[in-house]
Amino acid sequence: MAAQVRVRFSPAPTGMLHVGSARTALFNWLYARHTGGTFILRIEDTDVARSRTEWVDQIQMTLRWLGLDWDDGPHLQSHRFDTYLAAAERLLVEGFAYECYCTEEEIKERNEEARRDGRAPGYDGRCRDLTVEQRLELVGEGRPRAIRFRTPDEGRSTFTDLIRGDVSVEWSTISDFVIVRSNSTPVFFLANAVDDIDMEITHVLRGEDLIDSTHRVLALRRALGSETPPAYAHLPLILGPGGAKLSKRHGAVALEEFRDEGYLPSAVLNYLALQGWGPEDGNEVMETDSIVAQFDLDGVSHSAAMFDHQKLDWMNGEHIRALPLADLVGEVLPFARDRYGGRLDVQVFEDAVALAQPRAKTLVHIAQQVQFLFIPEDEFRIDEAAWEKISKIDRLADFLDAAIQHLAVCAWDPESIDLRPLIEGLGLPVRKTMKAVFAVTQGSDVGLPAFEAIYLLTRETTLARLRAARARL
RNA sequence: GCCCCCAUCGUCUAGUGGCCUAGGACGCCGCCCUUUCAAGGCGGUAACGGGGAUUCGAACUCCCCUGGGGGCACCA
């Protein structure tokens, strides 16, 4: 057996957890749990200007909501600047890095010029081999000092990716890069390399957008004296519909949004696991435990996946239907309380959720479906389009009169409430006429099973709504 | 512009030289069930980007092209 697996999820706290990051977190977590390894949470907040502690908290909350627990951390890189700076100093002394006195503006200008001339952008190496005198002069001018890592001028960099095989690039295409900013804060590459060494990370699973930066991190690690690099696995990206970058335009992209829209964490986790990975038996609806048991790296696909909200909706419905009623009620309750507050009758609510469960896509959807039971009577409205449709129904007034008469005296149970015999008795078409029942009692011509719904509505309210509709004709 | 990665139904994917007249899932369409809408059942639609090469035989191997994505920051 190989050494214990140690993986980490290392987000930058610059915003909410995006589905792409969440998928990366998930795969790291799955791999750790599958192998019995350690899952570490590390916050890469080296960009002090953009990082915010509220995002650090928010990210943790979201990971917990998804059900991803970590064994170690969160470790904030902002607490370890001294360590990174000391490492940079060592690299400086040993000649792996050098001091750079070019200003950001100068570099930007030179890059733009290079682009105009059709040359490749990237640092031009101006400060690479300054003499002591030159350095002193630049310092004398009051110029800021950054530290740059010196990349090889020739040869190739190659590493073996766990899911892509050998990945290699010509060193000449990778220019010297900054590892310490002129304001003396460390940059991602440095902190990342140092921490992965110190935390003894064995496997780095991250998005494919980072594949090019791996060569630089690996070179840094070697310069820092690390002889055994971790295994790298670059995960396919998650794209929006049409293959464009997944963005707000395509609907929810932050996990918090999915939570607020009434998606179950188990469904989101299940769907995310399917972005780039699939179970061998093809059975896609899975409990988290089952995913953990089956997950492995060689099942990960190579190509990017497009995020499909429709499939997520279906998946969420599957998970909603798999939930025991009591659990589902607990899940929907916050959404319902939010809408109906004290008007919510828990017993009625439970029965209504049971009716909604087989036809629900999201928890919010369920909360909306039971609305007709809990809104104040003076706020109850029949959907205009539905009213338009049902008002054309043949002999609607006769039917409503008969229904009122029947419901005023019948026993109050769904069986006795059943209006179909009455409709047939009047010689009216059942399906068509039932549309009116839905609209008049629930506000829309589609809804929860009519007679159970009427039973929950109570005799009094039902009669009131029928009479109001009759009066409106 | 240069570099890197990728390439099977609309989408997620199975497929690792013959089991493929390419399988499953979402979606879509039809039928059944049915008090609406769903759910469920049954059936259908739909793909190996193009061209070479290797081979008795290529979705699967190799090369070229094309296409898509990513990167080339004192962001991560």
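Values below: every heavy atom of this structure, side chains too, minus hydrogens, waters and symmetry copies. First the proteins, then the strands, lettered A, B, ... as listed; each starts at 1.
When rounded to the nearest whole Å, the span between CZ of A:Arg42 and C1' of B:A76 equals 11 Å. In this structure, A:Glu208 places its CD atom 15 Å from C1' of B:C72, rounding to the nearest Å. Rounding to whole angstrom units, CZ of residue A:Phe159 and P of B:C4 are separated by 12 Å. A straight line from CG of A:Leu237 to P of B:C6 spans 13 Å, rounded to a whole angstrom. The separation between A:Phe188 atom CZ and B:C72 atom P is 10 Å, rounded to whole Å. Distance A:Arg181 CZ to B:C75 P: 4 Å, rounded to the nearest Å. Taking atom CD of A:Glu44 as the reference point, atom C1' of B:A73 lies 16 Å away to the nearest angstrom. The nearest whole Å value for the distance from the OH atom in A:Tyr232 to the P atom in B:G70 is 22 Å.
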Please write out the pairs of protein N or O atoms and N or O atoms of nucleotides 12-16 of chain B separated by less than 3.5 Å, giving the distance to one decimal.
{"from": "B:C12", "atom 1": "OP1", "to": "A:Met306", "atom 2": "N", "distance (Å)": "3.0"}
{"from": "B:C12", "atom 1": "O2'", "to": "A:Leu274", "atom 2": "O", "distance (Å)": "2.9"}
{"from": "B:U13", "atom 1": "OP1", "to": "A:Gly276", "atom 2": "N", "distance (Å)": "3.0"}
{"from": "B:U13", "atom 1": "OP1", "to": "A:Ser301", "atom 2": "OG", "distance (Å)": "3.3"}

Which pairs, protein N/O on one side and nucleotides 36-42 of chain B N/O on the other, fall under 3.5 Å?
{"from": "B:U36", "atom 1": "OP1", "to": "A:Arg431", "atom 2": "NH1", "distance (Å)": "2.2"}
{"from": "B:U36", "atom 1": "O2'", "to": "A:Lys435", "atom 2": "NZ", "distance (Å)": "2.7"}
{"from": "B:U36", "atom 1": "O2'", "to": "A:Asp445", "atom 2": "O", "distance (Å)": "3.2"}
{"from": "B:U36", "atom 1": "O2", "to": "A:Gly447", "atom 2": "N", "distance (Å)": "2.6"}
{"from": "B:U36", "atom 1": "O2", "to": "A:Gly447", "atom 2": "O", "distance (Å)": "3.0"}
{"from": "B:U36", "atom 1": "N3", "to": "A:Gly447", "atom 2": "O", "distance (Å)": "2.6"}
{"from": "B:U36", "atom 1": "O4", "to": "A:Pro449", "atom 2": "N", "distance (Å)": "3.3"}
{"from": "B:C37", "atom 1": "O2", "to": "A:Arg359", "atom 2": "NH1", "distance (Å)": "3.2"}
{"from": "B:C37", "atom 1": "N3", "to": "A:Arg359", "atom 2": "NH1", "distance (Å)": "2.3"}
{"from": "B:C37", "atom 1": "N4", "to": "A:Arg359", "atom 2": "NH1", "distance (Å)": "3.3"}
{"from": "B:A38", "atom 1": "O2'", "to": "A:Arg359", "atom 2": "O", "distance (Å)": "3.2"}
{"from": "B:A38", "atom 1": "N3", "to": "A:Arg359", "atom 2": "NH1", "distance (Å)": "3.4"}
{"from": "B:A39", "atom 1": "O4'", "to": "A:Pro358", "atom 2": "O", "distance (Å)": "2.9"}
{"from": "B:G40", "atom 1": "OP1", "to": "A:Glu318", "atom 2": "OE2", "distance (Å)": "3.3"}

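The aromatic ring centres of A:Phe189 and A:Phe177 sit less than 6.0 Å apart. If you look at A:Trp277 and A:Phe295, their ring centroids are closer than 6.0 Å.
Comparing the P positions of B:C3 and B:A59 gives an interatomic distance of 32 Å, to the nearest angstrom. Only the C1' atoms considered, B:A58 is 46 Å distant from B:C33, to the nearest whole Å. To the nearest whole angstrom, the two P atoms, one in B:A22 and one in B:G10, are 15 Å apart. Rounded to whole Å, the P atom of B:U16 lies 14 Å from the corresponding atom of B:G23. Separation of the C1' atoms belonging to B:G40 and B:A47 is 29 Å when rounded to the nearest angstrom. With P as the reference atom, B:C26 and B:U21 are 25 Å apart, rounded to whole Å. A distance of about 15 Å separates the P atoms of B:A25 and B:A39, rounded to the whole Å. The gap from the P atom of B:C19 to that of B:C28 amounts to 33 Å, rounded to the nearest Å.
Taking only distance into account, the side chain of A:Ser182 meets the base of B:C74 through a donor-acceptor pair shorter than 3.5 Å. Judged by distance alone with a 3.5 Å cut-off, no donor-acceptor contact links the side chain of A:Asp209 to the base of B:G71.
Using Watson-Crick or G-U wobble geometry with both donor-acceptor distances under 3.5 Å, B:C42 finds its partner in B:G30. Base-pair partner of B:G67: B:C6 (Watson-Crick or G-U wobble, both distances under 3.5 Å). Summarising the base pairing, B:U16 is matched to no nucleotide, lacking a Watson-Crick or G-U wobble pair whose two defining distances lie under 3.5 Å. B:U61 is paired with B:A53 under the criterion used here, namely a Watson-Crick or G-U wobble arrangement in which both key atom distances are under 3.5 Å. When Watson-Crick and G-U wobble pairs are counted only if both distances are under 3.5 Å, B:A25 pairs with B:U11. Base pairing analysis places B:C72 opposite B:G1; the two distances defining the Watson-Crick or G-U wobble pair are each below 3.5 Å.
The side chain of A:Arg50 places no N or O atom within less than 4.0 Å of a non-bridging phosphate oxygen (OP1 or OP2) of B:A76.
Counted within 6.0 Å of CD on A:Glu388, heavy atoms from surrounding residues, nucleotides or ligands total 12 or fewer; the atom is thus considered open. Within a 6.0 Å sphere centred on CD of A:Glu415, heavy atoms belonging to other residues, nucleotides or ligands number 12 at most. A:Glu280 CD: 12 or fewer foreign heavy atoms inside a 6.0 Å radius.
Checked against B:C75, B:C4, B:G1, the side chain of A:Val167 finds its nearest nucleotide in B:C4.
Comment: A:Asp176 does not engage A:Arg148 in a salt bridge, judged by the lack of any side-chain N to carboxylate O separation of less than 4.0 angstrom. For A:Arg8 and A:Asp196, the salt-bridge test passes: some basic side-chain N is under 4.0 Å from an acidic carboxylate O. Residues A:Arg321 and A:Glu318 are paired through a salt bridge, judged by an N-O separation under 4.0 Å between the basic side chain and the carboxylate. A:Arg128 and A:Asp153 are joined by a salt bridge, as a carboxylate oxygen and a charged side-chain nitrogen come within less than 4.0 angstrom of each other. In summary, A:Glu106 and A:Arg126 do not engage in a salt bridge, as defined by a charged side-chain N under 4.0 Å from a carboxylate O.
Going from atom CZ of A:Arg395 over to atom OG1 of A:Thr433 covers 9.0 Å, rounded to the nearest 0.5 Å.
Counting any heavy atom pair closer than 4.0 Å across all strands shown, A:Arg156 reaches sugar-phosphate atoms only and no base atom. A:Ser168 comes within contact range of the sugar-phosphate backbone alone, with a heavy-atom separation under 4.0 Å but no base atom that close. Using a 4.0 Å heavy-atom distance criterion, A:Phe189 is classed as a base contact. At a threshold of 4.0 angstrom between heavy atoms, the contacts of A:Phe177 with the nucleic acid are absent. Using a 4.0 Å heavy-atom criterion, one finds that A:Thr46 contacts the sugar-phosphate atoms exclusively. At a threshold of 4.0 angstrom between heavy atoms, the contacts of A:Glu104 include nucleobase atoms, whether or not backbone atoms are also involved. Contacts of A:Cys100 with the nucleic acid, taken as non-hydrogen atoms under 4.0 Å apart, are absent. A:Ile174 comes within 4.0 angstrom of no nucleic acid atom, judged by non-hydrogen atoms across all strands.
For the pair A:Arg216 and A:Phe149, the cation-pi criterion (under 6.0 Å, within 45° of the ring axis) is not fulfilled.
Along RNA chain B, the nucleotide nearest to A:Asp281 and the one nearest to A:Glu170 differ in position, and the one closer to the 5' end is contacted by A:Glu170. Looking at which nucleotide of RNA chain B each of A:Thr173 and A:Asp418 is closest to, the 5′-most match is held by A:Thr173.
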Do A:Met434 and A:Ile423 pass the side chain to side chain contact (heavy atoms under 4.5 Å, CB included) test, and can you show the C-alpha distance, the side-chain angles, and the key distance before you say yes or no?
-> CA-CA 9 Å; A:Met434 277 304 295; A:Ile423 295 170; 3.8 Å; yes
